[in-house]
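Order of the sequence lines sets the chain letters (A, B, ...), proteins ahead of strands, with each chain counted from 1. Fair warning: this is a prediction, and the values are worked out from it, not measured in the lab.
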2 protein chains.
Amino acid sequence: MRNLNSAQIRKDLAQFGEFGRRGVGYSVGDLREHLTKILGLDTPRRVGIVGAGHLGSALANYRGFRASNFTVVALFDNDQKKIGRAVGDARVRVYDAREIARVVRDERVDVAVVAVPARAAQSVLNQLMSAGIKAILNFAPASLSARPGVKVKNVDLTISLETLSSHLARPRAVSTTRPRGVRARRESGESGERELG
Amino acid sequence: MRNLNSAQIRKDLAQFGEFGRRGVGYSVGDLREHLTKILGLDTPRRVGIVGAGHLGSALANYRGFRASNFTVVALFDNDQKKIGRAVGDARVRVYDAREIARVVRDERVDVAVVAVPARAAQSVLNQLMSAGIKAILNFAPASLSARPGVKVKNVDLTISLETLSSHLARPRAVSTTRPRGVRARRESGESGERELG
DNA sequence: TAGATTGTTAATCGATTAACAATC
DNA sequence: TAGATTGTTAATCGATTAACAATC
């Protein structure tokens, strides 16, 4: 966890303009509005999910989106048994994956999610790029190549677990209330070679 | 994307010991082995997933774990209809969530995944901590409080989408092959005020 | 004017890169 | 010895923090 201080926050905010008034402060409402806009969170986004398996279905029903500007407007699959059905509580129906281009246009999909098996992921990405999608969240454990101008963000669940694993491997990262004397310092291996101070 | 150079890699590696031989180089095999160990990826980890809904089921069947040291050994749910069943291709059966402590012990679970609705997440986390779990991956859109020594890593799918959204908001991040003359520089708003050089 | 808080410049700190001695 | 490549020190760069003038 990194700590911030007031100077840094003031400086960072000033990068984007003068939002505050000297001697008075910042207007919370205005600041929130500005930041939302800067981060591109003011525009509602329409999400299309490719793959109506467990993961795709979970995402279509994900409650975390409720408070955000993201709405899932389409699910795609190539399994005829799933096409036309609704998934869970989601209002959205499953479209044939061959109709990606048409549905993206009709439903004005902004952002796509790839939730298909790894072997199908690149092909799906290609279809999405052809359909004009510029922002894609990829859950498939595959490294995909996108053309310039298209942003692919990979969510690799293995990597998430691996960072936890390194925590288990190094229990010295655990916080302690023991005073940091010579002994503690030596154990943690922190710049013990500093001679002054 | 950050670039690394050889000096930095040498320095970083040297932090953990002398893995190379001057004049010769690094042994790829040895280096890989060392790094795997340093990152704590040498020990097989046994994963327990709480919540056998769409997300939990997706994770239990996630192919990305195949090449890793993670094995899903238990699924938990409080839905009697699910308990005792297998989920998808996964060999693992669903246990009663009330048995978390016992199963964690019997199955030697190292790492837990929380894939339950937000309202149940803190309570599940508490159970996992009581059972002695020290590393938890949380998918619920809730900010949980863990006691010191317990590492909770949150995977917030909304945040992942939001970073994509900011890409859509700022198309100037798109790479271009156009030579970076005065015009291009002014557009991208990069330190144009530098006067020397 | 006194007090408060921003925007901004100057000082500090840490991380990256360059340079080079040590080693094979 | 000449060539190559590491480990490590010195130089550079950028980011964070401190200080302060501008403003209300």
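For the pair A:D12 CG and D:dG14 P, the interatomic distance rounds to 17 Å; values are reported in whole Å. Per the geometry, CD belonging to A:Q15 stands 11 Å off P belonging to D:dT16, to the nearest Å. We find that CG of A:D30 is positioned 18 Å from P of C:dT5, with the value rounded to whole Å. Per the geometry, CG belonging to A:N5 stands 10 Å off P belonging to D:dT16, to the nearest Å. Across the protein-nucleic acid pair, B:F19 atom CZ and D:dT6 atom P stand 14 Å apart, rounded to whole Å. Computed from coordinates, the A:E18 CD to D:dT23 C1' distance equals 10 Å when rounded to whole Å. The nearest whole Å value for the distance from the CD1 atom in B:I9 to the C1' atom in C:dT16 is 12 Å. If you take CD of B:Q8 and C1' of C:dA19, they are 16 Å apart, rounded to a whole angstrom.
Within a 6.0 Å radius of CD in B:E99, other residues, nucleotides and ligands contribute more than 12 heavy atoms. In this structure, B:R63 places its CZ atom where only 12 or fewer heavy-atom neighbours from other residues, nucleotides or ligands lie under 6.0 Å away.
Figure legend. D:dA4 is base-paired to C:dT23; pairs are counted as Watson-Crick or G-U wobble with both atom distances under 3.5 Å. Under the Watson-Crick or G-U wobble criterion, with both distances below 3.5 Å, C:dA18 is paired with D:dT9.
Nearest to the side-chain atoms of A:K11 among the listed nucleotides C:dA22, C:dC24, C:dT9 stands C:dT9.
For C:dG7, its base sits under 3.5 Å from the side chain of A:R10 at one donor and acceptor pair at least.
Dashed line: the shortest gap from a side-chain N or O of B:Y26 to OP1 or OP2 of D:dG7 is under 4.0 Å.
In this structure, B:L59 is not a member of the same hydrophobic cluster as B:V116, with clusters built from ILVMFWY side-chain heavy atoms closer than 4.5 Å.
Comparing B:V24 and A:A14 along DNA chain C, the residue whose closest nucleotide (by nearest heavy atom) sits nearer the 5' end is A:A14. Across the interface with DNA chain D, nearest-nucleotide mapping of A:G23 and B:R21 shows B:R21 to be the residue nearer the 5′ end.
A parallel orientation is assigned to the rings of A:H34 and A:F19, their planes being inclined by less than 30° (bins at 30° and 60°).
Between B:S68 and B:F65, the closest heavy-atom pair is OG-O, 2.7 Å.
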